Amino acid sequence: MRILNHISSFRYRYIYIALTLQFVILVIESFWYILIFIPFILYMTYQHKDMLVVIIIVLVLYSANRFLMTYGCTRNTLPQTLYVSQVEETTYRYKITGRKGLCKTIVYAYHPVKIGDIITVDGKHQTLENPTIPGGFNYQDYLKSQGVIEVIDGDKITVNTHLFHPRHIHEGIKTYIDRYLPRSKRYINTFILADTSEFDEQTKTAVTMLGISHLFAVSGMHIGLLVVFLNKGGTYLNLKESHRYSGIMVLLSLYMIITGFSPSVVRASLMTAAVFMTNIFKVKLSSLDILSGVFILLLMMRPYYYLSIGFQLSFLVTFFLIITYDLTGKMKGIHQLLLSSTLAFLITVPLIIQMNYTVNIMTILVNIIMIPLTTLIIVPLGYLTFVMPFLDGIYSVVTALFDTLIVFLSEIFYIPLSLSLFHPLAIILYYIFLYLTLTINIVQHKALMVMMGVFCFTVFFYARLQPFQDVVFLDIAGESTVFKDRFDQCNIVIDTGKDDDYDSLVSYLKRERITKIDYLIVSHFHADHYGETEDLIDILSVKHLITNETANAYENRLIPCGNFNLFIYPITVDDENENNQSLPISSWAQETHYFFFGDAEKEAEEIFNITYSIDVDVFKVSHHGSDTSSTMPFLQNINPESAIINVDRNNTR
């Protein structure tokens, strides 16, 4: 009882512990967040001094867990023994996830194993590199968010024994769905197993464009429906409240295992369990206290959980909806849905920008349409179909119509908005202004209105405010160079690198606020030079596409573009070697002359030398520095002052 009283004594104040932990993490990620951390600590020192000891204990425990996970699980001696928890079959190898104590490891191997196997792995550790360009996919952070610290290329795997693993439950349910619900398994897998892998790319793209991905992630909404159903069922069976709560908590624990501990499922399940426990033991805690406690607990269990976008969105939206309940709770029906959807949209804008680089301003209206449909029809009917497989055909028709609606809405309700909300200072100001907008009458504060106006103008028109030119040789697989003019007057992209599942080039351009490409030039048709061309054309606005098949319309004349100039030299090489069909391209940025010749080899260089003699400032070395190119006569002819070589790290030729 004394412990319960002590817990209750901090009612309404657990949020301060959670905020302190959050601010410390933010400062670790970027020193700019010290701007809000120092005032917060000063406030805590003067207003909540009695909590400082508890806060220090929490921070010490978190730091210790983070240290153990970062350094205690790194580069474990090989061979090592792992308990297999997941197996995925990729194009060439098996992706095996296993544990050794608290350490979670991914092994890529050709040897098939099963979930529950105890295996001994020998091989070599992979070097996990950070993104090579701004906006590139951070594989290392992604693994950390999943609790994985090391990746091994497994040369030899020995299966020692086999044990039961909770993941077997997940696999058993998946087998049941595949066998008895083949037509509607896309949605059943989504709402039961939190697995969206069955969806086609068109639907996935439409969902991302509309900004309704949260409807396809098992979240608090789905958990709420499940809890209401189970609670009503228990009441109908005349079960005692404590028995109903205990049964629901057991089922939610099972559900967390089934969904692979999805962040939103874990948060919603633990919050539900905490509410039940407080009711059973009569502990007086608020919703904000419970959310804070779950936040702290999860970070203690997985110190890098905060790197998961699902974790961030789940807690951020829930936090703001709780603290704004006095505003939204007074409304009913469509008005409450509209206000809640608007708040959720505004709250998540910086996170969506970090993830997609644009936001769809029609997401608010789309949610008003899609949330009731999903909540009242799609999800409940999915659960019903799961337990009554004979409804598979009916549910497949309903979900097919739902897919059609999603694609249709993506065509008429998609208005992307690019905002410059990447710098921590911009994010801090955004949330400060959002908080002030929700809490005070801004019209009465003219100075504040002016500051907000300047801020909004800056984040909206950042690209057009830039007074500098940039020429960037990108460190990606293959080759790509970007010319970015001052005040967004002209953007030129020469080559696009290899086809990239993570769309690194597209992400980089979006991050740089480049939404249009005036000239996209593909030097020749080898995969490491044109791989991302289709994605650029599909996602961005490309005004002119120049390739060695269409270059005759642009050759032998100066092409002005903003403050840049282009010139494409007309040469003909009677050679089936695609490298020798590379376009020779000059570009001038201010007084600097850049020259590109794709992967041109000796034969093409000799023909160029016969016709042209130029003076180059910067030469993008042909064919990645290969010995088939950049012959001495050619270099003497173009006379470059400096050279740039794009080459893979493991290229030794």
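Keep in mind the model is a prediction, meaning the values are calculated, not measured.
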What I'd like to find out is whether the side chain of [X] reaches to under 4.5 Å of the side chain of [Y], using heavy atoms alone.
| X | Y | result |
| --- | --- | --- |
| D500 | I476 | no |
| N637 | F608 | yes |
| F457 | F460 | no |
| F216 | I406 | yes |
| V471 | F473 | yes |
| N360 | M209 | no |
| E605 | S629 | yes |
| F619 | F634 | yes |

How many angstroms lie between atom [atom1] of [X] and atom [atom2] of [Y], to the nearest 0.5 angstrom?
| X | Y | atom1 | atom2 | value |
| --- | --- | --- | --- | --- |
| C490 | N563 | SG | CG | 8.5 Å |
| E532 | S504 | CD | OG | 7.5 Å |
| Y530 | L536 | OH | CG | 13.5 Å |

Would you say the rings of [Y] and [X] are close, in the sense that their centroids are separated by under 6.0 Å?
| X | Y | value |
| --- | --- | --- |
| Y594 | F483 | yes |
| F199 | Y187 | yes |
| Y94 | Y108 | no |
| H623 | H524 | no |
| Y569 | F567 | yes |
| F311 | Y305 | yes |

Do [X] and [Y] have side-chain atoms, one donor and one acceptor, less than 3.5 Å apart?
| X | Y | value |
| --- | --- | --- |
| S480 | D495 | no |
| T105 | E150 | yes |
| D518 | H544 | no |
| N548 | Q581 | no |
| D195 | S197 | yes |
| E601 | N577 | yes |
| S507 | D503 | no |

Ring-plane angle category for H423 and W32, please: parallel below 30°, perpendicular beyond 60°, tilted otherwise.
perpendicular
In terms of heavy-atom contacts, does [atom1] of [X] have more than 12 from other residues, nucleotides or ligands at under 6.0 Å?
| X | atom1 | result |
| --- | --- | --- |
| Q202 | CD | no |
| K602 | NZ | no |
| E534 | CD | no |
| F31 | CZ | no |
| K498 | NZ | no |
| F408 | CZ | no |
| D574 | CG | no |

Inspect the contact between [Y] and [X] and indicate whether a charged nitrogen and a carboxylate oxygen are less than 4.0 angstrom apart.
| X | Y | value |
| --- | --- | --- |
| K484 | E512 | yes |
| K620 | E479 | yes |
| R486 | D470 | no |

The residue among T496, D499, L505 that forms side-chain contact (heavy atoms from CB on, under 4.5 Å) with D535 is D499
Output yes when a side-chain donor or acceptor of [X] lies under 3.5 Å from a complementary backbone atom of [Y], and no otherwise.
| X | Y | value |
| --- | --- | --- |
| S582 | D599 | yes |
| D485 | D488 | no |
| S145 | Y142 | yes |
| N646 | L474 | yes |

Distance-minimising heavy-atom pair for G625 and I645
N-CG2, 4.1 Å
Looking at every heavy atom in both Y414 and S410, which two are closest together, and how far apart are they?
CB-O, 3.2 Å
Go through it in stages, so that I can follow the logic: the residues are Q146 and Y304, the test is side chain to side chain donor-acceptor pair (under 3.5 Å), and I'd like the CA-CA distance, side-chain angles, deciding distance and then a yes or no.
CA-CA 8 Å; Q146 304 301 307; Y304 290 101; over 6 Å; no
Is there a side-chain contact (heavy atoms from CB on, under 4.5 Å) between V349 and I352? Walk through the geometry before answering.
CA-CA 5 Å; V349 161; I352 300 301; 5.8 Å; no
